[in-house]
**Student:** 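Take a look at this one; I'll ask things after.
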Amino acid sequence: MASDPLLSVDGLHVYYGSSHVLHGVTLETGTAPLSIVGRNGMGKTTLCQAIMGLVPSSGGEVRLGGERISGRRAFKVARAGIGYVPQGRRVFRSLSVDEHLRLVGKPDGEWTVERIYGTFPRLAERRRNGGAALSGGEQQMLAISRALLLNPRLLVMDEPTEGLAPVIVEHVVEVLREIGRSGVGLLLVEQNLTVATEVSDRIMVMMNGEIALETDAATLLNDRALRNRYLGVSAEA
Amino acid sequence: QEEETITIGGLATLEGPFAAPGEDGLRGVELAIEEFGGEIAGHPIEMITASSDGNPDVALESARRLVEQDGADIMIGPLSGSEGIRIAQYAKEQPGTTFLNGGSAAIETTLVDPAENFFRFNTEGAQWTAPLGEYVVNERGWDNIVIVSEDYSFPYAQIFGFMATYCEAGGTVQDKYFTPVGNNDYSSVIAQLPLETGEVDGMYVVLGGSDAVNFLSQYAQMGGQLPIVGGTNVTDQTVLTTQGPARELLPGILSSGPVSDNADLEAWQEFVQRYQDYFGDEGLPSPSLFASNYYTNTKAALLALQEVEGDLSNDHEALNEALSNLEFTSPTGPVSLNENRQATAAIYINEVVEQADGSLALEPLERIEEVDQYLGLGREAYMELGLPSRDNPSCPS
Amino acid sequence: MEALLDINWRLFAIVTLNGLTLASLYFIVASGFSLIFGLMRVVNMAHGSLYLLGAYIGFEVSEATGSWLLGIAAAAVVVGAAGAALQVSILSWMQGQDLRQALATIGVSIVAADLMLAQWGGSAYQITLPGAVSSFVPVPVAGRYAMARLMLIGFALVIGIGLWLMLNRTRVGMLIRAGVDDRRMLEALGVNVPLVFVGVFAIGAGLAGVAGVIGGSVLSVSPGEDARYLLSSLIVVIVGGMGSIPGAAIGALLVAMAETYGLAYTPTYGIVYTFAIMVAVLAVRPQGLLGRAA
Amino acid sequence: MADAAVKQEEALVVEGLTRRFGALVAVDGVSLRVAPGERRAVLGANGAGKTTLFNMIAGDLPPSEGHISLFGRDITRLSPQKRVLEGVRRTYQKSLVFGGLSVRDNLYVAIRGATGPRLAIWRRVETQPDRDGTGPLAERVGLADRLDAPASELSHGEQRQLELGMALAHTPRLLLLDEPAAGLSTRERESLMAMLADLPRDLTLILIEHDLDIALKAVDFVTVMHNGRLLAEGTPDEIAANQDIQDIYMGKHGQ
Amino acid sequence: MTLRRLLTVVVALVLLVYPFVVNSFWLVQIGGRTLGFGTIVLSLVFLTAYTGMLSLAQMTVAGVAGYATAYFTAPTGGVGLELAWPVALILALGLATLAGLLIGLVAVRTRGIYTLMITLAVAMAFYYLTLQNYAVFNGFTGFNNVEPPVIAGLDLGAPLPFYYLSAVLAVLCYAGVRHVVRTPFGLALQGLRDEPQRLQALGYNVPLLRVLAFGLAGFVAGIGGILNLWLNASISPGSVALNPVIDVLMAGVLGGIGHPAGAYVGAFVFTIVDNFAIDFIARERFNTLIGLVFLAIVLFSPDGLTGLVRRAWARWAGTGRRRDDAPDDSTNIGK
Ligand SMILES: Nc1ncnc2c1ncn2[C@@H]1O[C@H](COP(=O)(O)OP(=O)(O)OP(=O)(O)O)[C@@H](O)[C@H]1O
Ligand SMILES: Nc1ncnc2c1ncn2[C@@H]1O[C@H](COP(=O)(O)OP(=O)(O)OP(=O)(O)O)[C@@H](O)[C@H]1O
Ligand SMILES: [Mg+2]
Ligand SMILES: [Mg+2]
């Protein structure tokens, strides 16, 4: 291949103790956003964590822009250019909103603390609140902001719209689309099919630790049987 | 032909702050065995050791190990007072073993319900200080003092011995200050103490190890100038080997005890010489009180063994009999036992002096012969006094 | 009535000063402990050992060079390095498992105590203070008071303010708090968390070393002091609230005051009062006086 | 209807409930009346004060002002565990499950909490008669095949399912669900809907949910909060048609 | 046969036969101590593994029982009150339970490592109290000559009866703990360890549970404390000082603080090392050896020796680990 893809995952295996959770996941993505959907407990979070170096993989490799990042410590992976929004928010309970942002923010770069406050005015209103003293949705906004402020080459987002009010979800979708346009890669894990299909055209379905299906947004939205088969959806969405 | 080996178990504190004295105590045991060529009447003498940390539970555990597991025939030890009480009590469970004290100096060990097979050839805490009380009244003319002491049984015994003769000689005690064990900032006690002589003539201090160093230097820091007499532990090796400015405060302090570094006594000098020859750089510059006490007790055991030619039959009947009647010359002079199997021996009144080489040593001012368990009061009168405590004794005013 | 007038004000003033200066010493010792505990949630049971090591190093160096300040510097550096080594070689392997770390440091303290005993024996050491501070200063009511002890207050202030600035005015404080909340997440934001932790541990240990030299000069050092100062640090931090530098100051003050007044006025139970204060504080504020709710 | 009679009939009455965090008024004088058997949704933007309201009703947070009564009884001062015994159950927005226990034990602790005796010490759980309740309960929330897994090894969504299961351990009188669908996959959301529909009719349900598909379909009545205050109340259709609410909360979804 | 059943049989056999193959030192000082001291460790393991509260005051609670027994059966120097021994023992265990409950009250709002610090401070407070107080604790000297009762001509203080007495009590305590943790009460404790807020929202009284757990642990520690007292025939402040307090923790960690069996394994190994380390290394530096052994266990086997054995068994049996009721990795306990 002429140029290396932004992210390539090749035959990734992950075990928790003796339970085999990822069975050789292979995927590639460039600057166009990619969404991964799938039922609960299929291994989506595990995949994100394995990419970030937060759980050890026992086979396969992960490359970022051609550079091998699997096996590296998480902070090196992050420094290589991945911004991570974890599932469950994981904000620092003893840091205020403002401290969160200043901790990762840099004065130069695409995303600055001021821009974040502009994007999520709610955070500006709560800038002195501690991480534990935020509502669920506010925490989620903070977790997204934290990743954006790293100005990464690739964003890995694990259900970033969980707990967000519908208007904010729309807003986040806007932001993610804009990010996609600006040449930053996006790997989005979503339960909300609407969000997944609005943000990315390419969709993968994960099942039992494997990429079971790769398709495009329109197909998934229109093909009820397909959804039924891979996501267990019976009624129309 | 080769006779059966006789095992001597040495028990001392080899852990914690008292590890150094403990090690020196065991050197005393080793030295005594070596003096007999490691053999008595054809019986090879084997020495085994176990450690305690000053805690009676641990001492007991180690003693059991020496006696029941390793088959020690003769036990020497332990080092500290409350351990000694516990071991003497254990001796009753083990009539087949002969116990000799190591360094411990609690009064109760040989006074309250003493064990038949427990022998103490060293003098105890109250004996050590008894002559000193009389001395400060008669020789120094002090008749009003304050006492500063740590709050537990050994200092009680030391104060008990001291006051027994001090009050008798007409002295009074203005006040006693007991500081809790584990305290190291004495400034608030010092704030209540007189700094210069006047109403009060001197201060009797019973604090051990670093506590003594802390107290003395803090007292000096606050400008205190009262003359000081110390308990035996104020001038022991751990204090005399202190490094740093506190050293300058020590010379001139009076104390009393069973040994004196510079005693003009042949037996002592011989002992020191032997100690230095045998241990060289490994030992202390001069043997400590503990080396001397462990040595004395071990030597008594070996002498008695020699007398009975290693006969340990019938629960050591012969050996114990011989020990009870044994009289010999220890490094500090002649020793003998009373009916409680407690030593009667000489006590020194000492002054701390700086030697030519800069080290500190105890210079004898006086030697008092044959101080017995009853402090010269006779059994009846002594038993009247009861056991020492915070409030016992107090000079009748 | 008479008894009231009878109060010995000079004694009271001196005892109060004693309490203040002892509090300063406790604060200096506890500050490093509080730093490590508050920021990294490591209960460093080897803190007392680091204190003792600092005192011995300070003694050796100041004896050899004749300079007390060099002694302090050497203790800070050597003990700081020892702390860093402890973090790298043992504690970093169990980061986040606070219980296991506490246990490991207990192991370290046992070994350290034994090795220091082998090296320096059971004698008491005292570090020579510079001549300038071995004097008296006049103080109202109390009469005069030892300069050496007053100096403690100065040290405590310098250390306290320095730490407070570091924690509240720099990014370091934020980094560390975040690292304690969720270490893995912080790493995923590109922060070399292990390095930060080593740094903090070194500073905390260095403070213990400095405290050792100061304590060894004003009082003295000998085996056994390690447990004593570990315990006082524990109580100071429990009372004051973990990780709070002003809390440690208040904790030190309460504990030292209880101890000195106790010793002066009711010697028998002086030490027990300290614990009574602790229990009383806990009953009202389990996170300590200035601690954040856990 | 006479006032007293109304009081009797209300399952939950909240009056002037206020909660301040320092200067911030998270919930500001909210009053609610929820009839027995009613299904009610509480909607509102992030930080509107919905969870805080739940916290006060369940007793996890003391209110700064106001009163709460349950079936005519004032419970404002009651401790959380006493309220449970009065029939209040809740889920948490962030799952709180017992990581060291298996799914089955998690559910069993929940069942015991509702029925007692909670501190029984003589018989092992395996021989307790109410132990059988765990199976059907797991079935209801879709965890039947994970009964023996330790809760700490569940995925995020599975923990949400368990969270729900613990609240359903016993049919409460008042059930408070804080975003039950968050983190669930599309399939599990459907099961959730079905399960909600199956709840006994006499159970009173209050639901916080950002998924409007669920929020508007599963309830009879909607309360909308904004900046700590009550903004509007009405049937789902009325709310969906309300332009203000669309602007500040639903966005184009509601159109 | 499962590991557990096999082990039960082996342990029962060993316990029965042990007295006939060893000398009096191994019988009393190793065997008796393992069982009595191990019971104190058991109370610590119980609290830590199942409630997430690491209490360093278990030796203190044991000391309360010991002091009470001594006070009521062997008055010394005017301190104490002679009572019939059943009354004395009931009082002692009652007081130990009470002490446990009180410590629980003090520590009730704390968790994990914070509990450790506070209970350590409580332990030291008790130590200083015993040291300074003469009216009840007889100060520095404590109580000597405390002998176990003679029941119907059977001297419980003699080595063999004492050993069997210890064994029976230890087995009862162990079985009791294993039982309790699988009762609703025990499950609730584990819930409290993991997520107290959730437990409260399920209708449990969390502070009460915590205090009760401490009380129960106090009762168990009290039994160990009485055995320990009889083993030493005396008690003094040294019995509740910092060293023994830390010893309990060390033994727990050696054996594995995540499983009740770890308590006795740990107590045994600790006793052995404590007694014989001096033989392995020149007499001065054996504490370094003890420290290093301890450190090595903490470093390499966070769940102690029992954890090592269980992992080895799992590998040998070739099966995935079956989960036991106690969590396998104790590494997170006390967080
Ligand atoms: N720490 C762990 N130990 C053991 N098993 C785990 C652990 N974490 C997750 N698992 C298991 O691994 C599988 C995949 O989990 P993962 O969290 O990756 O799922 P997911 O697809 O992200 O699910 P969800 O949509 O619920 O977030 C699940 O079956 C889960 O039970
Ligand atoms: N402990 C606290 N201290 C200070 N402010 C708090 C605290 N808890 C919550 N808040 C604030 O109160 C407001 C209401 O929070 P709440 O959690 O009730 O919101 P919510 O409606 O549940 O939002 P979401 O939908 O995002 O979960 C938020 O703005 C939050 O920042
Ligand atoms: Mg997930
Ligand atoms: Mg909420």
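Proteins come first, then strands; the chains are lettered A, B, ... in the order of their sequence lines, and each starts at number 1.
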**Student:** Please classify the contact of C/A113 with chain B as side chain, backbone, both or neither, using a heavy-atom distance under 4.5 Å.
**Tutor:**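 For C/A113, no heavy atom lies under 4.5 Å from chain B.
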**Student:** Rounded to the nearest 0.5 Å, what separates atom CD1 in C/I14 from atom OG in B/S188?
**Tutor:**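 Nearest 0.5 Å value for the CD1-OG distance: 9.0 Å.
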**Student:** So what's closer than 4.5 Å to chain B heavy atoms on C/I127: side chain, backbone, both or neither?
**Tutor:**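 The backbone, not the side chain.
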**Student:** By the definition side chain to side chain donor-acceptor pair (under 3.5 Å), identify the one residue from B/D211, B/T242, B/N214 that meets it with C/S220.
**Tutor:**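 Answer after filtering B/D211, B/T242, B/N214: B/N214.
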**Student:** For residues 45-57 of chain C, dump all side-chain donor-acceptor pairs below 3.5 Å to protein atoms at least two apart in sequence or in another chain.
**Tutor:**
{"from": "C/H47", "atom 1": "NE2", "to": "C/V29", "atom 2": "O", "distance (Å)": "2.7"}

**Student:** Would you mind telling me which of B/T179, B/V239, B/N184 has the largest number of heavy-atom pairs within less than 4.5 Å of chain C?
**Tutor:**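 Ranked by heavy-atom pairs under 4.5 Å with chain C, first place is B/N184.
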**Student:** With sequence neighbours left out, write down each residue that passes side-chain contact (heavy atoms from CB on, under 4.5 Å) with B/F279, or none if nothing qualifies.
**Tutor:**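 Only B/R27, B/E30, B/L31, B/Y275 meet the side-chain contact (heavy atoms from CB on, under 4.5 Å) criterion with B/F279.
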**Student:** Under 4.5 Å heavy-atom distance to chain C, tell me which part of B/R247 shows up: side chain, backbone, both or neither.
**Tutor:**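 Neither the backbone nor the side chain of B/R247 comes within 4.5 Å of chain C.
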**Student:** To the nearest 0.5 Å, what is the distance between OG1 on C/T128 and CD on B/E248?
**Tutor:**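 Between atom OG1 of C/T128 and atom CD of B/E248 there are 8.0 Å.
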**Student:** Side chain, backbone, both or neither: which part of C/Y125 has an atom under 4.5 Å from a heavy atom of chain B?
**Tutor:**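 When you check distances to chain B, atoms from both the backbone and side chain of C/Y125 fall under 4.5 Å.
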**Student:** Taking non-hydrogen atoms and a cut-off under 4.5 angstrom, which of residues 226-235 of chain C neighbour chain B?
**Tutor:**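 Under the 4.5 Å heavy-atom cut-off, C/R228, C/Y229 qualify.
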**Student:** Compare every heavy atom of B/M222 with every heavy atom of C/Y145, then report the nearest pair and how far apart it is.
**Tutor:**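 What the structure gives for the nearest pair is CE1-CE, 4.0 Å.
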**Student:** Go through C/V221, C/L219, C/L129 and name the one with the most non-hydrogen pairs under 4.5 angstrom from chain B.
**Tutor:**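 Highest number of pairs under 4.5 Å: C/L219.
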**Student:** With a strict 4.5 Å heavy-atom criterion, list every residue of residues 62-69 of chain C that contacts chain B, or say none.
**Tutor:**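 Hits under 4.5 Å: none found.
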**Student:** Taking all heavy atoms of B/Q221 and all of C/A148, pick out the closest pair and write down the distance.
**Tutor:**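 For B/Q221 versus C/A148, the nearest heavy atoms are NE2-CB, 4.2 Å.
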**Student:** Is chain C contacted by the side chain of B/V181, its backbone, both, or neither, given a heavy-atom distance below 4.5 Å?
**Tutor:**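 Just the backbone, heavy atoms under 4.5 Å.
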**Student:** Can B/Q218 and C/N18 be said to form a side chain to side chain contact (heavy atoms under 4.5 Å, CB included), step by step?
**Tutor:** CA-CA 11 Å; B/Q218 287 170 29; C/N18 290 339; over 6 Å; no
**Student:** My understanding is that only one of C/L22, C/L25, C/L263, C/V218 makes a side-chain contact (heavy atoms from CB on, under 4.5 Å) with B/D185; could you say which?
**Tutor:**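 Among C/L22, C/L25, C/L263, C/V218, the one that satisfies the side-chain contact (heavy atoms from CB on, under 4.5 Å) with B/D185 is C/L22.
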**Student:** Show your working on side chain to side chain contact (heavy atoms under 4.5 Å, CB included) between C/N8 and B/Q192 and close with a plain yes or no.
**Tutor:** CA-CA 10 Å; C/N8 182 342; B/Q192 304 171 62; over 6 Å; no
**Student:** May I ask you to name which of B/P21, B/G209, B/S210, B/A19 has the most heavy-atom pairs under 4.5 Å with chain C?
**Tutor:**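 Heavy-atom pair counts peak at B/S210.
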**Student:** Establish, from distance only, whether the side-chain atoms of C/Q126 and B/S217 form a donor-acceptor pair under 3.5 Å.
**Tutor:**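 On atom types as modelled, these side chains qualify, holding a pair under 3.5 Å.
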